[in-house]
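Below, read A as the first sequence line, B as the second, and so on, with proteins coming before strands; counting in each chain starts at 1.
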Amino acid sequence: MDVSTILDPLNDAQRQAVCAASGNVLVLAGAGSGKTRVLVHRIAWLMSAENVSPYGIVAVTFTNKAAAEMRGRIERLLGIPPSGMWVGTFHGIAHRLLRAHYKEAGLSQNFQVMDSEDQLRALRRVIRDMGLDDAKWPAREAQHFINARKDEGLRPQHLEHQHDPFLKHMIAIYTQYDSYCQRTGVVDFAELLLRNHELWLQHPEILQHYQRRFKHLLIDEFQDTNALQYAWVRLLAGKTAAVFAVGDDDQSIYGWRGARVENILQFNQDFAQASSFRLEQNYRSTGNILNAANAVIANNSGRLGKTLWTAGKTGEPIRLYSAFNEQDEAQFVVDRIAEWVEQGGTRQECAVLYRSNAQSRVLEEILIRHGMPYRVYGGLRFFERQEIKDALAYLRLLSHPDDDASFERIINLPPRGIGTRSVDAVRELARGGGISLWRALHHSIEHQQLAARAVESLKQFANHMARMHAAIKALSLHEQIEQVIHDSGLIAHYEKEKGERGRTRIENLQELISAGRAFSEAPPPTDSDQPVDPLAMFLSHAALEAGERQGDEWEDCVQLMTLHSAKGLEFKQVFLCGLEEGLFPHKLSASDASKLEEERRLCYVGMTRAMECLTLSHAEKRRLYGEETFARPSRFIREIPVEFLQEVRLRGSVSLALPSQPLPAQNETGLRLGQRVLHAKFGEGVVLNYEGQGRHARVQVNFSREGCKWLVMEYANLKQL
DNA sequence: CTCGATGAGTTTTTT
DNA sequence: ACTCATCGAG
């Protein structure tokens, strides 16, 4: 392949990164600077200029979408599918490895992957079985605790309770939960990675095999890696593989779920002789948008420091609208979109971004009133739907009878006269004998300790499952699914559900059959020498790749989504709504400087989604949790220099008469956000916010001892540290 | 088993 | 204000 095809479309900085001498490379790539492009071209470069076999390359991403996108772009660039190369998510790759080495990893051959909902149900079960009060020990909390520990690579035996009763319980639940998973042959998301990591540590020969094979590791969105993922990369890379990591510290918005930006800083120390490159030329946004975004993010401390620039147009100023309330705000946004469409734009070029999902409702109402089609991202995905999970539970139980969670889900669905009493009896038997519910079911039928009618129902269920098991044995995957959906009685069950809902449920179940057919036509690659059961693979696929959000993609729709889900996307028109203190930055992040910085990065991410036009809005009054709340405009608004802003005023009169009103000046307090200060009485603290000017200026300081306080500058007498 | 009352929680989300 | 899960009564 001609290298000019690879290098010609790149700018200097990109080309330098792509052609960097073989070794560890860190690319700091600002928003819209061609991050994925560099990754893809690097792979092509390795293959053509350095003669690296695709067999020796792994490329890791966070989402299935990103992995699919990358695979597609590699294929387009090379002209052939990159067979032999591993391109996938951390979890997808870990899953593939565990399937190949399930024995050494201590898993059963048909082990199943649990999604978060399954995990929560499992934890509820475990907590109840431990005889704990589930009101006092909420499963959610345990779920967070366990996932966070696993993401740090920690097992219960690594944890110390330090005589803290809370920790003591959490560790006990963690222990019980692990043994529940082991017993029933299920693995949660974090477990995939942790198990894989442990597999490598305990079986150096397996690790060596992969270290010898994979000479090049490429990692996307490196700022989002958590401690375990980082350790996983280090282990796989060993001393010899070359790691090519791409990320942007300014776009780290997942700290709250364990992502560690520090991994970027750590890179140069942990990966020998790493060279780093910066991509700062932006190809997406206008000059005004970039300058404004740069100004906002400049308020964060501890950045690696990048300044985006563009060779493109300055563009229009950023529009700012102060709405009276959230209806007014939504009305404004929808009117601007309507204008855009009138002038020949499309709706799908417009994105309305907000901090929290609850904000979509008012926007939707107004959009509906205008008859303007829209699409809300987020919400349930295909494989997460109730009816789909019901059908999958049948399939899982047939594929893996020890899967207690699936057993519990369908034992009385559709209702078949097996109530809590009977299930409790089966559960008791299972616990006493240390066996699965499925096996306990047969015992309880034989022992006849239950009422005759209950035993009869149990017997019928057991026979029913056995019949289905025999019936689907020789069938192809989609026939198996079809058979089970009908035989299980789920169709009949959901037909009874009245209205639209029942009908869509049935449609979804039909869709599941098609999903099965599509899956058998394009099965994922495997490495196991043993024959793999297509059903087991399909079930893992369903858990690992929950499928698309809602459809309607073909229609020209306005795009509604949270700032988090907008990461990685771009739109000509971006509307950033609800820029109010308390909402964005969110009040739950208000008392912690590092959380505030994450909010600011979120704002930066949102702003840099815009290509041509960015519109900001805030409402003076908003109904929140059923209460009218008044909020000041977000600090992020006044962090934008006024020369890039234009206030939009409606209702005719004022708009032309007054020049755009300057917003509260940049910083009248002489203090920097994040600045450490000393107060005579409250001690040391960090400046979080300020408002007003001159004598009336007030600052918000988070004191390490006294917590958050607003102080009047004139009297506070703060000393800078 | 289904229905309605009651109470808790309500930032962001992928795998 | 609204959703969602759980629980007791019919």
Checklist entry - Any ion pair linking A:Asp390 and A:Arg385 (charged N to carboxylate O, less than 4.0 Å)? => result no
Checklist entry - Charged N to carboxylate O under 4.0 angstrom, A:Lys567 versus A:Glu221? => result yes
Checklist entry - In whole Å, what separates the P atom of C:dC4 from that of B:dT13? => result 15 Å
Checklist entry - Where along nucleotides 2-12 of chain B does protein come under 4.0 Å, by heavy atom, of base (B) or sugar-phosphate alone (S), with - for untouched nucleotides? => result --------BBB
Checklist entry - Just to confirm, is there a sub-4.0 Å distance from OP1 or OP2 of B:dT14 to any side-chain nitrogen or oxygen of A:Asn64? => result no
Next on the checklist: Once you apply a heavy-atom cut-off of 4.0 Å, does A:Asp188 come out as touching a base, just sugar-phosphate, or nothing?
Outcome noted: nothing
Checklist entry - Below 4.0 angstrom from OP1 or OP2 of B:dT13, is there any side-chain N or O of A:Arg381? => result no
Item to check | Electrostatic pair A:Glu599:A:Arg355 at N-O distance under 4.0 angstrom | outcome: yes
Checklist entry - Is it true that the side chains of A:Tyr374 and A:Glu364 contain a donor and an acceptor less than 3.5 Å apart? => result yes
Checklist entry - Would you say the side chains of A:Glu639 and A:Asn299 form a donor-acceptor pair under 3.5 Å? => result yes
Checklist entry - Is it true that A:Glu384 and A:Lys389 make a salt bridge, defined as a side-chain N closer than 4.0 Å to a carboxylate O? => result no
Checklist entry - Which nucleotides of nucleotides 2-10 of chain C have their base under 4.0 Å from a protein heavy atom (B), which only their sugar-phosphate (S), and which neither (-), written as one string 5' to 3'? => result S---S----
Item to check | Donor-acceptor side-chain pairing of A:Thr629 and A:Arg623 below 3.5 angstrom | outcome: no
Item to check | hbond_proxy A:Thr63 side chain to B:dT15 base (donor-acceptor, 3.5 Å cutoff) | outcome: no
Next on the checklist: Once you apply a heavy-atom cut-off of 4.0 Å, does A:Asn412 come out as touching a base, just sugar-phosphate, or nothing?
Outcome noted: sugar-phosphate
